[in-house]
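The block underneath contains the structure these notes are about, expressed in structure tokens.
Sequence lines set the chain letters: A, B, ... in the order given, protein chains first and strands last, and positions in each chain run from 1.
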Amino acid sequence: MNASSKVALTLPDGSVREYDGLVTGMTLAQDIGPGLAKAAIVIIVNGEQRDLSYEITSSANVSIITKRDEEALEIIRHDAAHILAEAVKELWPETQVTIGPAIENGFYYDFAREEPFTPEDLEIMETRMKEIVARDEDIIRSEMLRDDAVELFRTMGEKYKAEIIASIPSNEPISLYKQGNFIDLCRGPHLPSTRYLGEGTFKLMTIAGAYWRGDSNNEMLQRVYGTAWRDKKELKAYLHRIEEAEKRDHRKLGRELNLFHFQEEAAGMPFWHPNGWTIYTQIEGYMRRKQREYGYQEINTPKLVDRKLWEDSGHWEKFREHMYTTESEERIFALKPMNCPCHVQVFNQGLVSYRDLPLRLAEFGSCHRNEPSGALHGLMRVRSFVQDDAHIFCEKDKITEETETFCGMLLEIYKDFGFEKIKVKFSDRPEVRAGSDDVWDEAEKCLLDAVDHVGLEYTLNPGEGAFYGPKLEFVLTDAIGRDWQCGTLQVDFVLPERLDANYVGADNTKHRPVMLHRAILGSFERFIGILIENFAGRFPMWLAPIQVVVTGITNDQDAYVNEVYMQLKSAGLRAEIDTRNEKINYKIREHSHAKIPAIFVAGGREADNNTITIRRLGSKNQETLDLTDAINTLVTESIEPDKR
RNA sequence: GCCGCUAUAGCUCAGUGGUAGAGCGCGUCAUUGGUAAUGACGAGGCCGAGAGUCCGAUUCUCUCUAGCGGCACCA
């Protein structure tokens, strides 16, 4: 390179600065202004992030990233991971480092070490990290040939690091970063020095196990999770958000609102209490009406089925470990993990004509899957559950139409539950699959056409389809921005074949129908879990287990309170009466904690005038209404969304 | 399934090598109070299950089970 050649740097605002010879991100930032020089952390040169110390050798478009910028977060978190690793190496030199990326909301670092880290160790690590930040160690980039780097890390006893570097394809120079005595392989870029991470902007969260290279055949490493932000305020806000999310935890609310419980004797299988079961049956009734509206026929099939059927369907071979089995009269039976084989049995009874298609068979199918113990999580991952399952048997040329109608139905239903933001994921052919490429081409096109017609945007999950056909997955976003995959539609060419489903076509010969597996809620259990967290336990009227509680100011109003209660009941409302000898403050507090949407209060005035004072959940306002009007208002509010 | 942590009253949690405590909740009594906790008294525990060490285990050790946080899995 010619030291005297001119370098022209174009800034985002279009202005150009010219330099003779050596220029780095830092020189540029200093030239623009001392404020920027102080805030700058990384420079972007022709779209690529570089260290501030990077020497720009030819003319380029550049921009400077400061701590204010959104991109800064990832860099900060990545640096936090490095500082964590440095701290751990200082404290426990025998520990080996592996990888430590930035992740959503923070970072982690995986360590290899005989002795497990303890929660106390977390505090020690965090304290040391703070010291390293205060030391203001320069973070210095260098390059080394791959093979030399492998050798270096081997000598240092870092066999995992050496393994990673050895797996980099060519013997190209790779970049290393050094801060203090800690050296790590890293693509960068990094902050200029450890001080930039800041004070009070990061926190170590938990210790967890994680497999080396994410493979359960490998040894388990110890992962330390942390969170890091641009400033103290952001960290505080994040910790606050976690606390708020914890308050919505459906396991906690399930107990508090007396919805369901779990116990040791039936791990992963919910016991529904009256309150929870009210929500469940409300949803079931709603779904039943929607399905009827959309031309589904509801059926019900056995939960316990002979092994033979599972062998025929292919489940015995593929999903055996996840199936519960039992034995009787020398035959082996399995609890169904899915409903599809049974639905094909219903389809197969008698001859089906092409005139009967599409045949839509729906079942609130009770399934059992022996999930790995570590996977269980409240209602979100259970071993016994009920799907809003259905199978559409149709001719190939009806896939688009059926999918389109399904998408419309699904959007309507999600909207009724208050979910308006829906994403679609499209999974196409996997490597290992059944069926010819022609058939896959056609099926994939059918699904995409349908999604387009409905006006949904989709993202592609390449190769993630089932071995028997492509699929659509529907993801909803809840009130605090979390995504949940609930709905699915899967094309299946294989099962009709395996279970020999056929129909008589217009040509009077047998044909193979296509089967569309589809669900909207997924499982009732999980969907209710999502609803609990979405509403934070404050269910809309139509779902609320108890819609209204009537109570008096004193027991002098008991007769009137009882009268109101009877009227609420006969108006079809889920009402409770509270004539306990307690003060009104106490009762309001208690029923508010129970998240009852409406409290009817009757004092002497109300009893005399045939009125009632309503207090709504979450409001301190009171409204006194004529009793009949008040009841009618609640009745209207309680109408299920599909009946409005 | 794997790694780590946890398991004491209905709930939240304290505690000890000599068989146990608080607050809330629950029951009784008094109080009848206009919108987020009235007071007094009382009942309630095989200290997750099994084994071991010990004169003695809720406490220490081991095994199991379940829960929690991750990882792997999720047809």
For this session: Could you work out which one of B:G34, B:A36, B:A75 sits closest to the side chain of A:N585?
Result: B:A36
For this session: Kindly say if A:R251 contacts the phosphate of B:C68, meaning a side-chain N or O under 4.0 Å from OP1 or OP2.
Result: yes
Exercise. Would you call A:E246-A:K252 a salt bridge at under 4.0 Å N-O?
Worked result: no
For this session: Nearest-nucleotide wise, let me know which of A:R589 and A:E606 is further upstream toward the 5' end of RNA chain B.
Result: A:E606
For this session: Could you work out which one of B:G33, B:A72, B:U35 sits closest to the side chain of A:I584?
Result: B:U35
Problem set entry | Pairwise P distance, B:C54 and B:G45 [rounded to whole Å] | 32 Å
For this session: Establish, for the pair A:R307 and A:W310, whether the NZ or CZ atom is under 6.0 angstrom from the six-membered ring centre and no further than 45 degrees off its axis.
Result: no
For this session: Mind calculating the distance between CD (A:E371) and P (B:A66) to the nearest angstrom?
Result: 14 Å
Exercise. Rounding to the closest angstrom, what is the interatomic distance between B:G18 and B:U28 at atom C1'?
Worked result: 36 Å
Seminar exercise, completed: Numerically ordered, the residues 269-278 of chain A set in heavy-atom contact under 4.0 Å with RNA chain B is none
Seminar exercise, completed: To the nearest angstrom, the CD1-C1' distance between A:I614 and B:U35 comes to 14 Å
Exercise. Side-chain donor or acceptor of A:Y211 under 3.5 Å from a matching atom on the base of B:G1?
Worked result: yes
Exercise. Of the candidate nucleotides B:C2, B:G67, B:A37, which contains the atom at the shortest distance from the side chain of A:L376?
Worked result: B:G67
For this session: Mind checking the CZ-CZ spacing from A:R369 to A:R383? Nearest 0.5 Å is all I need.
Result: 13.5 Å
Exercise. B:C3, B:G25, B:G67: which one has an atom nearest the side-chain heavy atoms of A:Y586?
Worked result: B:G25
Exercise. Within the modelled atom types, does a donor on one side and an acceptor on the other bring the side chain of A:E590 and the base of B:G25 under 3.5 Å apart?
Worked result: no
Exercise. Rounded to whole angstroms, how far apart are CG on A:N218 and P on B:A72?
Worked result: 12 Å
Exercise. Looking at B:A75, B:G70, B:G69, which one has an atom nearest to any side-chain atom of A:R369?
Worked result: B:A75
For this session: Measure from the side-chain heavy atoms of A:P337 and tell me the nearest of B:A75, B:G67, B:G69.
Result: B:A75
Exercise. Between A:R616 and B:U35, is there a side-chain N or O to OP1/OP2 distance below 4.0 Å?
Worked result: no
Seminar exercise, completed: The Watson-Crick or G-U wobble partner of B:U12, with both key distances under 3.5 Å, is B:A22
Exercise. Are any of A:H593's side-chain N or O atoms less than 4.0 Å away from OP1 or OP2 of B:C24?
Worked result: no
For this session: Take atom P in B:C47 and the same atom in B:G10, then report the distance between them in whole Å.
Result: 12 Å
Seminar exercise, completed: Closest to the side chain of A:R580, out of B:G33, B:G69, B:C26, is B:C26
Report each atom pair, protein N/O against N/O of nucleotides 4-15 of chain B, whose distance is under 3.5 angstrom.
unit_1	atom_1	unit_2	atom_2	d
B:U12	OP1	A:R255	NH2	3.1

Exercise. A:P372 or A:K318: which one's nearest nucleotide on RNA chain B is closer to the 5' end?
Worked result: A:P372
Exercise. With no angle test and no hydrogens, is the base of B:A72 tied to the side chain of A:R213 by a donor-acceptor pair under 3.5 Å?
Worked result: no
Exercise. What is the distance from CG of A:N609 to C1' of B:G34, rounded to the nearest Å?
Worked result: 15 Å
Exercise. Is the distance from OP1 or OP2 of B:U32 to the nearest side-chain N or O of A:N555 less than 4.0 Å?
Worked result: no
Seminar exercise, completed: Closest of B:G33, B:G70, B:U35 to the A:I588 side chain is B:U35
Seminar exercise, completed: Whole-Å distance, A:E104 CD to B:G70 C1', equals 16 Å
For this session: Report the relative orientation of the aromatic rings in A:H261 and A:F271; use parallel for angles under 30°, tilted for 30 to 60°, perpendicular for over 60°.
Result: parallel
Problem set entry | Interatomic distance, A:I279 atom CD1 to A:F535 atom CZ [nearest 0.5 angstrom] | 10.0 Å
Exercise. Is the shortest side-chain N/O distance from A:S373 to OP1 or OP2 of B:G1 below 4.0 Å?
Worked result: yes
